[in-house]
Engineer: 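Supplied in structure tokens, the structure appears directly below.
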Amino acid sequence: MEFALYNAQTNFFSVITILTEILTTGGYHHHPKIQTLRLYRYVGPEMVFVMACEITYMTFLLFFLYKQIKKYMQQRNKYFCDPWNYSELLVLGFFLSSVGLYFARHALTKYSVSNMLETPETFVSFQYVAFVDEWV
């Protein structure tokens, strides 16, 4: 069973999934999961702060990316001889994956909310949005 709740005062969605597995021995194994997330990011008094943090994050990402590309252009093949560059590339990969997941969550949120508004009589699952939000 899955359902989603929205509290407009706090701007939180709660996606509740209750899964029960019936074992061959006749027993039941329950898997409840409650995920609370904020889908509308730019609403409320903290809107400016959230936006400023995201802009700072993107600015730092672009600066770090520029710095690594410049370092690679100067050193070429010697760039991969330094083991510290591998850790910097790993951090850069995490940075870029978080930005990709951010935009994926934004697209899934937009799709799910628009689908819910277009067809209010049918069930719309927010499970994928909650999953991507968990990864972000």
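Each residue takes its place number in the sequence, starting with 1. Keep in mind that this is a model prediction, so the values were computed, not measured.
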Engineer: When rounded to the nearest 0.5 angstrom, what is the spacing between OG1 in T109 and OH in Y40?
Structural biologist: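 So the OG1 of T109 and the OH of Y40 are separated by 9.0 Å.
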
Engineer: Measuring from L23:CG to Y28:OH, what's the distance to the nearest 0.5 Å?
Structural biologist: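 Answer rounded to 0.5 Å: 10.0 Å.
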
Engineer: Any pair with a residue in residues 77-97 that passes salt bridge (charged side-chain N to carboxylate O under 4.0 Å, His left out), sequence neighbours left out, goes on the list, sorted by first then second residue, please.
Structural biologist: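 Matches after skipping sequence neighbours: K71-E88.
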
Engineer: Under a 4.5 Å cut-off applied to non-hydrogen side-chain atoms, are L5 and N7 in contact?
Structural biologist: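 The answer is no, as the side chains (C-beta and beyond) never meet within the 4.5 Å cut-off.
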
Engineer: Return the CD1 to NZ distance between I16 and K33, rounded to the nearest 0.5 Å.
Structural biologist: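 NZ of K33 is found 12.5 Å from CD1 of I16.
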
Engineer: Under the ring pair (Phe, Tyr, Trp, His ring centres under 6.0 Å) rule, what do F95 and Y57 come out as? Steps first, then yes or no, please.
Structural biologist: CA-CA 9 Å; F95 267 139; Y57 183 81; 5.3 Å; yes

Engineer: Starting from Y128, can I reach L117 by hopping between I/L/V/M/F/W/Y residues whose side chains sit under 4.5 Å apart?
Structural biologist: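 Yes; Y128 is reachable from L117 via cluster members.
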
Engineer: In terms of heavy-atom contacts, does CZ of F123 have more than 12 from other residues, nucleotides or ligands at under 6.0 Å?
Structural biologist: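 Yes, enclosed.
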
Engineer: R105 vs W135, test: side chain to side chain contact (heavy atoms under 4.5 Å, CB included). Steps then yes/no.
Structural biologist: CA-CA 10 Å; R105 180 183 63 181; W135 275 90; over 6 Å; no

Engineer: When you compare the side chain of M116 with that of F126, does any pair of heavy atoms fall below 4.5 Å?
Structural biologist: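 Answer yes - side chains close enough.
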
Engineer: Within the structure provided, determine whether L61 and L92 are in side-chain contact (heavy-atom separation under 4.5 Å).
Structural biologist: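 Counting from C-beta outward, L61 and L92 do come under 4.5 Å.
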
Engineer: Does Y102 reach the side chain of M58, with side-chain heavy atoms less than 4.5 Å apart?
Structural biologist: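 A side-chain contact is absent here, since even the closest heavy-atom pair is not under 4.5 Å.
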
Engineer: Do the non-hydrogen side-chain atoms of F131 and L108 ever get within less than 4.5 Å of each other?
Structural biologist: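 Of all side-chain heavy-atom pairs linking L108 with F131, none is under 4.5 Å.
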
Engineer: F12 vs L37, test: side chain to side chain contact (heavy atoms under 4.5 Å, CB included). Steps then yes/no.
Structural biologist: CA-CA 6 Å; F12 280 118; L37 52 134; over 6 Å; no

Engineer: How far apart are the closest heavy atoms of S112 and S125, and which atoms are they?
Structural biologist: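 For S112 versus S125, the nearest heavy atoms are OG-O, 4.0 Å.
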
Engineer: Please determine whether residues Y111 and V124 belong to a single hydrophobic cluster, defined as Ile, Leu, Val, Met, Phe, Trp and Tyr linked transitively by side-chain heavy-atom distances below 4.5 Å.
Structural biologist: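 Looking at the clustering, V124 is in a separate group from Y111.
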
Engineer: Once you round to the nearest 0.5 Å, how far does OH of Y6 lie from CG of N11?
Structural biologist: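 That separation rounds to 4.0 Å.
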
Engineer: Under a single-linkage definition using a 4.5 Å side-chain heavy-atom cutoff for Ile, Leu, Val, Met, Phe, Trp and Tyr, are L101 and I55 assigned to the same hydrophobic cluster?
Structural biologist: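 No, separate clusters.
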
Engineer: A side-chain contact here means heavy atoms from C-beta on lying under 4.5 Å apart; do Y42 and V50 qualify?
Structural biologist: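 SC-SC contact between Y42 and V50 confirmed.
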
Engineer: Got a second to check how far F64's CZ is from L96's CG, nearest 0.5 Å?
Structural biologist: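 Here the interatomic distance stands at 10.0 Å.
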
Engineer: About how many Å separate CD1 of I69 and NZ of K67, when rounded to the nearest 0.5 Å?
Structural biologist: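 CD1 of I69 is found 13.5 Å from NZ of K67.
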
Engineer: Would you please classify the geometry between the H31 ring and the H29 ring as parallel, tilted or perpendicular, with 30° and 60° separating the classes?
Structural biologist: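 H29 and H31: perpendicular rings.
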
Engineer: Kindly work out whether a path of hydrophobic side-chain contacts (I/L/V/M/F/W/Y, heavy atoms less than 4.5 Å apart) joins F80 to L65.
Structural biologist: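 Cluster IDs for F80 and L65 match.
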
Engineer: Hydrophobic clustering (ILVMFWY, side-chain heavy atoms < 4.5 Å, transitive) - are L89 and V91 grouped together?
Structural biologist: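 The answer is yes; both residues are in one hydrophobic cluster.
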
Engineer: Can you tell me if Y79 and Q74 form a side-chain donor-acceptor pair at under 3.5 Å?
Structural biologist: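 Absent: no donor and acceptor within the cut-off.
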
Engineer: Kindly say whether P83 contributes a backbone atom to a donor-acceptor pair with the side chain of S87 at under 3.5 angstrom?
Structural biologist: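 The answer is no, because no donor-acceptor pair under 3.5 Å joins these two groups.
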
Engineer: May I ask you to decide if M51's main-chain N or O and R41's side chain share a donor-acceptor pair within less than 3.5 Å?
Structural biologist: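 Not a single qualifying donor-acceptor pair exists.
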
Engineer: State, yes or no, whether a side-chain contact exists between V15 and Q127 at a heavy-atom distance under 4.5 Å.
Structural biologist: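 Sidechains of Q127 and V15: in contact.
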
